[in-house]
Amino acid sequence: MSDLEEALALPSGKIAQGPGCLPSQPANEPDYKPVLSVEKVYSLLDPRDESNTSACLKGAWAVIQQTLQLYSLDELCISFNGGKDCTVLLHILHAALNKLSPPPQQLKALYVCYNSPFPQAEDFISETTQRLAALYESKSNLDWHHADVWSMIRECDIPYCCLYDEGYTSLGSTHNTTPNPALKYEDGSNKYKPAYMLEDGHLERAGRN
C-alpha cells in the first residue's frame with residue numbers, strides 16, 4: 001500500500017504562536033534543557049561562510065524569501081510529518097518568519113496521518129506543534145543530500161524525532177518502515193547506529209518497503 005493510500009485523515013487547523021521548541025532530549029542527559037536558536041541559522045547565512053551547509057542553507061533561504069514575496073501568509077499552509085527533511089525546512093522557515101514585522105500569529109496547518117503511525121513520531125509532532133512558534137513547510141522541497149540535512153540538524157541543534165537515533169533514516173508507518181540495515185552494528189547484536197552515520201545517501205530509504 002502506498003503512503004498516499006495510507007493517509008486516512010487530513011486534519012487541518014490553526015497553530016498559534018508559542019514560546020519556542022525543544023530539541024530531542026539526549027537519553028543520557030535527563031536534565032537537558034535545549035533552546036531553539038535561530039541565531040545559528042543566521043550565522044550560516046554569513047557571505048563569508050563557504051561551508052557546504054552554508055551553501056545549502058543559502059539556496060533554501062532564497063527560495064523561502066521568494067515564496068514570501070509571491071504569497072501572503074493566508075495563502076501558505078503548514079505541512080509537517082515529523083521527518084528530518086521537513087523538520088530542517090521548518091526550522092529555516094521559523095528563522096525567516098522571525099524576521100517579519102510583525103511576526104505571524106497563526107497559519108493554516110496540515111498533517112497527513114498514516115494508518116499505523118509511529119508513536120514516537122506522533123509524540124514529536126505533538127510536542128513541536130505545542131512548543132514551536134510556527135510550523136511551516138515550503139512546497140519547494142529541500143534539494144539536499146542526506147548528509148546535508150544532518151549537517152544542518154547537528155550544527156543548529158534542530159529538534160528531531162528520536163527514531164532517527166534508533167537506525168531509522170526515512171519515516172513512514174510502523175508496517176512499512178524498519179531500521180536501515182546499512183546502519184546495523186556488525187557485532188551480532190540487534191543494535192543500529194544513528195541516522196546521521198549513514199555513509200551512502202543512496203541507501204536512505206533502505207528501511208522502507
Side-chain angles (χ1 to χ4, degrees), residues 20-29 32-67 79-99 120-121 124-125 127-128 131-172 177 179-185 192-208:
C21 68
L22 298 179
S24 299
Q25 177 174 309
N28 60 343
E29 299 181 33
Y32 179 66
K33 295 182 179 180
V35 178
L36 176 67
S37 175
V38 295
E39 294 304 320
K40 293 185 178 181
V41 174
Y42 301 147
S43 66
L44 283 169
L45 292 170
D46 189 324
R48 296 169 295 181
D49 192 329
E50 298 181 354
S51 67
N52 189 64
T53 303
S54 176
C56 290
L57 173 59
K58 289 167 183 172
W61 189 266
V63 172
I64 291 170
Q65 295 304 316
Q66 183 180 34
T67 300
S79 178
F80 184 70
N81 70 351
K84 63 185 182 305
D85 297 81
C86 65
T87 295
V88 167
L89 191 51
L90 178 155
H91 191 80
I92 299 171
L93 280 160
H94 173 70
L97 289 162
N98 267 0
K99 292 284 191 179
Q120 298 96 321
F124 175 67
I125 292 168
E127 175 184 290
T128 303
R131 299 183 183 275
L132 199 62
L135 296 178
Y136 309 94
E137 180 178 359
S138 170
K139 281 299 182 182
S140 180
N141 293 326
L142 286 176
D143 186 20
W144 296 10
H145 294 294
H146 177 84
D148 297 328
V149 173
W150 280 106
S151 178
M152 182 71 182
I153 288 174
R154 302 188 76 203
E155 285 194 38
C156 294
D157 297 323
I158 298 175
Y160 61 88
C161 179
C162 64
L163 287 169
Y164 290 114
D165 290 333
E166 300 174 14
Y168 292 85
T169 53
S170 178
L171 302 183
T177 310
N180 194 317
L183 290 173
K184 189 172 185 179
Y185 282 104
Y192 294 80
K193 304 172 186 176
Y196 74 86
M197 295 186 69
L198 183 68
E199 296 181 359
D200 186 350
H202 294 95
L203 298 177
E204 180 181 354
R205 293 179 64 85
R208 300 286 292 273

Go through the steps for C156 and L44 under the test side chain to side chain contact (heavy atoms under 4.5 Å, CB included), then give the verdict. CA-CA 9 Å; C156 294; L44 283 169; 3.6 Å; yes
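Between the side chain of S54 and the main chain of D49, a donor-acceptor pair closer than 3.5 Å is present. Of the possible polar contacts, one joining the T177 side chain to the G172 backbone as a donor-acceptor pair under 3.5 Å is found. Side-chain N or O atoms of S43 include one that pairs as donor or acceptor with a backbone N or O of K40 at under 3.5 Å. Using modelled atom types, no side-chain atom of N180 and backbone atom of A195 make a donor-acceptor pair closer than 3.5 Å.
The local environment of CD in Q65 is crowded, with over 12 non-hydrogen atoms from other residues, nucleotides or ligands closer than 6.0 Å. By the neighbour-count criterion of 12 heavy atoms within 6.0 Å, atom NZ of K99 is sparsely surrounded, having that number or fewer from other residues, nucleotides or ligands.
Going from atom CD of E199 over to atom CE of M197 covers 7.5 Å, rounded to the nearest 0.5 Å. Interatomic distance, CH2 of W144 versus OG1 of T53, reported as 7.5 Å (0.5 Å rounding). Distance check: L89 CG to F80 CZ gives 10.5 Å after rounding to the nearest 0.5 Å. Atom-to-atom distance recorded for H145:NE2 and S151:OG is 12.5 Å, nearest 0.5 angstrom.
The shortest heavy-atom contact between I92 and A60 is CD1-CB, 4.3 Å. Summarising the geometry of A206 relative to P181, their closest heavy-atom pair is O-CD, 3.9 Å, with the distance given to 0.1 Å. L57 approaches M152 most closely through the heavy-atom pair CD1-CE, 3.8 Å. Contact record, L183 with G167: CD1-O, 3.7 Å, taken as the closest heavy-atom pair. Residue E166 comes nearest to Y192 through the heavy atom pair O-CB, 3.6 Å, listed as atom of the first residue, atom of the second, then distance. Heavy-atom minimum distance, T169 versus L203: OG1-O, 4.3 Å.
Looking at heavy atoms from C-beta onward, Y42 lies in side-chain contact with N98 at the 4.5 angstrom threshold. Using a 4.5 Å cut-off on side-chain heavy atoms (C-beta onward), V149 and T87 make no contact. Side-chain contact between V41 and W61: present, with at least one pair of heavy atoms (C-beta onward) separated by less than 4.5 Å. A heavy-atom distance below 4.5 Å is not found between the side chains of D165 and Q120.
Ring geometry, Y164 versus W150: the interplanar angle exceeds 60°, so the pair is classed perpendicular (tilted spans 30 to 60°).
In this structure, K84 fails the cation-pi test against Y168, since its NZ or CZ atom is not both closer than 6.0 Å to the six-membered ring centre and inside 45 degrees of the ring normal.
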